[in-house]
Asker: 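Below you'll find the structure I mean.
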Amino acid sequence: MTEFVDVVIIGAGISGISAAWHLQGQNPDKSYAILERRDKLGGTWDLFKYPGIRSDSDMYTLGFHFKPWATDQSIADGASIWNYLNEAATESGIDKHIRYGHKVVAANWSDADNHWELTIERDGERTALNAGFLWACSGYYNYDKGYSPEFPGADDFAGTIVHPQHWPEDLDYQGKNIVVIGSGATAITLIPALIDTGAGHVTMLQRTPTYIGTLPDKDSFAARAYRLLPEKPAYTAVRWKAILQAMSQYQMARIFPTMFRKALRKMAERRLPEGYDYDRHFSPSYRPWDQRVCLAPNGDIFKAIRKGKADVVTDAIERFTADGILLKSGEQLKADIIITATGLNVQFFGGADVLRNGEPLDLADTVAYKGMMLSGIPNMAFTFGYTNASWTLKADLTSEYVSRLLSYMDEKGYDTVEPRDPGDDVERLPFVDLTSGYIKRALDRLPKSGGKAPWRLKQNYLIDLRVIRNGKIDDDTLAFSKHQAPVTV
């Protein structure tokens, strides 16, 4: 017989560890398994190996509320984050529930049997597993392939072309001239790190500028708090300070964009060479937070430019050549290595096919309930973090809600829950309110959000504390039921 597990969690990264911690604490009688396609936990923090990989938000909010990040190192490197996640999993016994090398390729909800039928690929063979509840914690992008457009003349380039998502461990860039295509978080991280570890000169080539903010990588408030207070109350104080600071900065950017732009400019110009053309290279035409604002800890990228080790070119690519890149302006960029930091390919549920009674479901036809369940799909939740704050803040709230939902269902004797379709009176909106390229490329494949609650969230942690953490479970939007087993005669 096919094995049955009460709850299956897909993914053993930040979201999956958060889900498991809350589930085993609030629903200790439920069996659960974490299916992880890779051979190690950590998700993003195990996948990416490029130089300088680090957090792009503070660790007091990227860390879990249940495990203090007990240091003043606010911005952490990838290895430190992985160690933190590994500790969180092992200390609470979550690691014993992880099944590595298990890739979910299909998930079919059976109305007749009232459970999920999962098809799993393991060591080249397919196996089956049934689950009462499915929880997708697999992130939002394709782990196998990053986004890289077709560049004319790429085959002519005599050097090495690398995508950061697939960084070769043996890449020798010592003393080399490098062009990094892109100006997002990955490029902003890579450039100072490459210079610090031996690159000759690095050019960031961008079509349009990106907003870049500057913050210290160490937190003086955290240093004082951990010196004066016991660890847990210190972490609570530091975490809430970080939450409120990030929220206030975001609100200022949206309400007073001109003031926010001036603040970013002032921080950058203090570190850039005198007379540098800031408007051309660092002043986008869109409003702050229409796309994510990147973080440069201690202004490292600006300092690299000032030292002459890096520069920024804002132009379009005509084609690759044997020794670099020819730009539309006619300028030629010489390069030994070209890094295509051109973004991610968005992918929900790890690329698994989602079906109901054997019929494929189009996620683009569904609407997200509270940003964590989908209309017309029973007994399923997913974790998707904030786009304007730390991913983990929303992940932990989602974990709390799903665990409360399962407890409510047990208490009332229900075994099925399904968000009802909101109907035509609820406006359909994009799932993510960002204009970033990786989001725009995927809009036709993503679920929708609605024009009003509970189908639309505010991307605001304080509001979500009320709506998600403290909101009632028996919402009229949710259809609860008790499965009636078929009668055999």
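We're numbering straight along the sequence, starting at 1.
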Asker: For D46, which residues count as a side chain to side chain contact (heavy atoms under 4.5 Å, CB included) partner, sequence neighbours excluded?
Answerer: R38, K40, K49, W82
Asker: Donor-acceptor pairs are to be reported for all side-chain atoms of residues 387-396 against protein atoms at under 3.5 Å, with residues two or more places apart or in another chain.
Answerer:
{"residue": "T387", "atom": "OG1", "partner": "Q459", "partner atom": "OE1", "Å": "3.4"}
{"residue": "N388", "atom": "ND2", "partner": "Q459", "partner atom": "O", "Å": "2.9"}
{"residue": "S390", "atom": "OG", "partner": "T61", "partner atom": "O", "Å": "2.7"}
{"residue": "S390", "atom": "OG", "partner": "L62", "partner atom": "N", "Å": "3.2"}
{"residue": "S390", "atom": "OG", "partner": "T392", "partner atom": "N", "Å": "3.2"}
{"residue": "W391", "atom": "NE1", "partner": "S15", "partner atom": "OG", "Å": "2.8"}
{"residue": "T392", "atom": "OG1", "partner": "L62", "partner atom": "O", "Å": "2.5"}
{"residue": "D396", "atom": "OD1", "partner": "S18", "partner atom": "OG", "Å": "2.6"}
{"residue": "D396", "atom": "OD2", "partner": "H65", "partner atom": "N", "Å": "3.3"}

Asker: Partners of H281 by side chain to side chain donor-acceptor pair (under 3.5 Å), sequence neighbours excluded?
Answerer: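 Result, side chain to side chain donor-acceptor pair (under 3.5 Å) vs H281: T314.
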Asker: Anything under 3.5 Å between a donor and an acceptor, one on a side chain of residues 169-176, the other on a protein residue two or more places apart or in another chain? List them.
Answerer:
{"residue": "D172", "atom": "OD1", "partner": "Q174", "partner atom": "N", "Å": "3.2"}
{"residue": "Y173", "atom": "OH", "partner": "T197", "partner atom": "OG1", "Å": "2.6"}
{"residue": "Q174", "atom": "NE2", "partner": "T197", "partner atom": "O", "Å": "2.8"}
{"residue": "K176", "atom": "NZ", "partner": "D172", "partner atom": "O", "Å": "3.4"}

Asker: Do the side-chain N and O atoms of Q332 and T321 include a donor-acceptor pair separated by under 3.5 angstrom?
Answerer: yes
Asker: Please identify each residue that fulfils side chain to side chain donor-acceptor pair (under 3.5 Å) with R37, with sequence neighbours left out.
Answerer: D144
Asker: Kindly state each residue pair satisfying side-chain hydrogen bond (donor to acceptor under 3.5 Å, both in side chains) with at least one member in residues 298-310, sequence neighbours excluded.
Answerer: D217-N298
Asker: Test: ring pair (Phe, Tyr, Trp, His ring centres under 6.0 Å). Region: residues 292-311. Which pairs qualify, not counting sequence neighbours?
Answerer: F282-F302
Asker: Just verifying a value: how many Å separate R261 CZ and D279 CG, rounded to the nearest 0.5 Å?
Answerer: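 If we round to the nearest 0.5 Å, R261:CZ and D279:CG are 11.0 Å apart.
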Asker: Could you measure the distance from the OH atom of Y143 to the CZ atom of F48? Nearest 0.5 Å is fine.
Answerer: 8.0 Å
Asker: Tell me every residue that passes side chain to side chain donor-acceptor pair (under 3.5 Å) with K67, counting only those two or more places apart in sequence or in another chain.
Answerer: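 By the side chain to side chain donor-acceptor pair (under 3.5 Å) rule, K67 matches E87, E91.
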Asker: Decide yes or no for V354 and P360: does some side-chain heavy atom of the first lie under 4.5 Å from some side-chain heavy atom of the second?
Answerer: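 Side chain of V354 against side chain of P360, heavy atoms only: no contact under 4.5 Å found.
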Asker: How about R441: does its CZ atom have over 12 heavy atoms from other parts shown lying under 6.0 Å from it?
Answerer: yes
Asker: Would you say the rings of W69 and Y235 are close, in the sense that their centroids are separated by under 6.0 Å?
Answerer: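 Here the rings of W69 and Y235 have centres that are no less than 6.0 Å from each other.
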Asker: Using 0.5 Å steps for rounding, measure from the CD1 atom of I212 to the CG atom of L295.
Answerer: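 Reported value, rounded in 0.5 Å steps: 10.0 Å.
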Asker: Taking the six-membered ring for Trp and the single ring otherwise, decide whether the centroids of F66 and F64 are under 6.0 Å apart.
Answerer: yes
Asker: Counting only heavy atoms from other residues, nucleotides and ligands, does the tally under 6.0 Å from CZ of F256 exceed 12?
Answerer: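 No, not enclosed.
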Asker: Apply salt bridge (charged side-chain N to carboxylate O under 4.0 Å, His left out) to residues D219 and K241 and explain how you reach the verdict.
Answerer: CA-CA 11 Å; D219 190 304; K241 172 257 186 186; 2.6 Å; yes
Asker: Can you tell me if T90 and D95 form a side-chain donor-acceptor pair at under 3.5 Å?
Answerer: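 D95 and T90 do not have a side-chain donor-acceptor pair below 3.5 Å.
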Asker: Once side chain to side chain contact (heavy atoms under 4.5 Å, CB included) is applied, do any residues pair with S148, and if so which ones, sequence neighbours excluded?
Answerer: F151, H163, T340, T342
Asker: Tell me whether D155 at atom CG has more than 12 heavy atoms from other residues, nucleotides or ligands lying less than 6.0 Å away.
Answerer: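 No, CG of D155 has 12 or fewer neighbouring heavy atoms, counting only those of other groups under 6.0 Å.
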Asker: Near K262 NZ, under 6.0 Å, is it more than 12 heavy atoms from other residues, nucleotides or ligands?
Answerer: no
Asker: Less than 3.5 Å apart, any donor N or O on the side chain of D58 or S74 sitting next to an acceptor on the other?
Answerer: no
Asker: Atom CH2 of W289 and atom CD of Q249: how far apart are they, to the nearest 0.5 Å?
Answerer: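 So the gap between those two atoms works out to 9.5 Å.
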Asker: Determine which pairs satisfy side-chain hydrogen bond (donor to acceptor under 3.5 Å, both in side chains) with at least one residue from residues 363-373, sequence neighbours left out, and list them in order.
Answerer: Y369-D475
Asker: Just jot down the side chain to side chain contact (heavy atoms under 4.5 Å, CB included) partners of A368, sequence neighbours excluded, or say none.
Answerer: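 Testing A368 for side chain to side chain contact (heavy atoms under 4.5 Å, CB included), a comparison that skips the adjacent residues, returns L374, F382, F431.
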Asker: Within this structure, what is the NZ-CG distance for the pair K448 and L429, rounded to the nearest 0.5 Å?
Answerer: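 That separation rounds to 10.5 Å.
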Asker: Which is it for S399 and W135 under the side-chain hydrogen bond (donor to acceptor under 3.5 Å, both in side chains) test, yes or no, and what are the steps along the way?
Answerer: CA-CA 10 Å; S399 299; W135 196 341; 5.5 Å; no
Asker: List the residues meeting side chain to side chain donor-acceptor pair (under 3.5 Å) with D290, not counting sequence neighbours, and say none if there are none.
Answerer: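 Residues passing side chain to side chain donor-acceptor pair (under 3.5 Å) with D290: R254.
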Asker: For residues D464 and Y386, is any side-chain donor paired with an opposing acceptor at under 3.5 Å?
Answerer: yes
Asker: Do Q165 and N142 have a side chain donor and acceptor closer than 3.5 Å?
Answerer: no
Asker: For the NZ atom of K266 and the CD atom of E269, what is their distance to the nearest 0.5 Å?
Answerer: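 If we round to the nearest 0.5 Å, K266:NZ and E269:CD are 10.5 Å apart.
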Asker: Would you check, one step at a time, whether the test salt bridge (charged side-chain N to carboxylate O under 4.0 Å, His left out) holds for D156 with R319?
Answerer: CA-CA 10 Å; D156 299 331; R319 61 178 291 107; 2.8 Å; yes
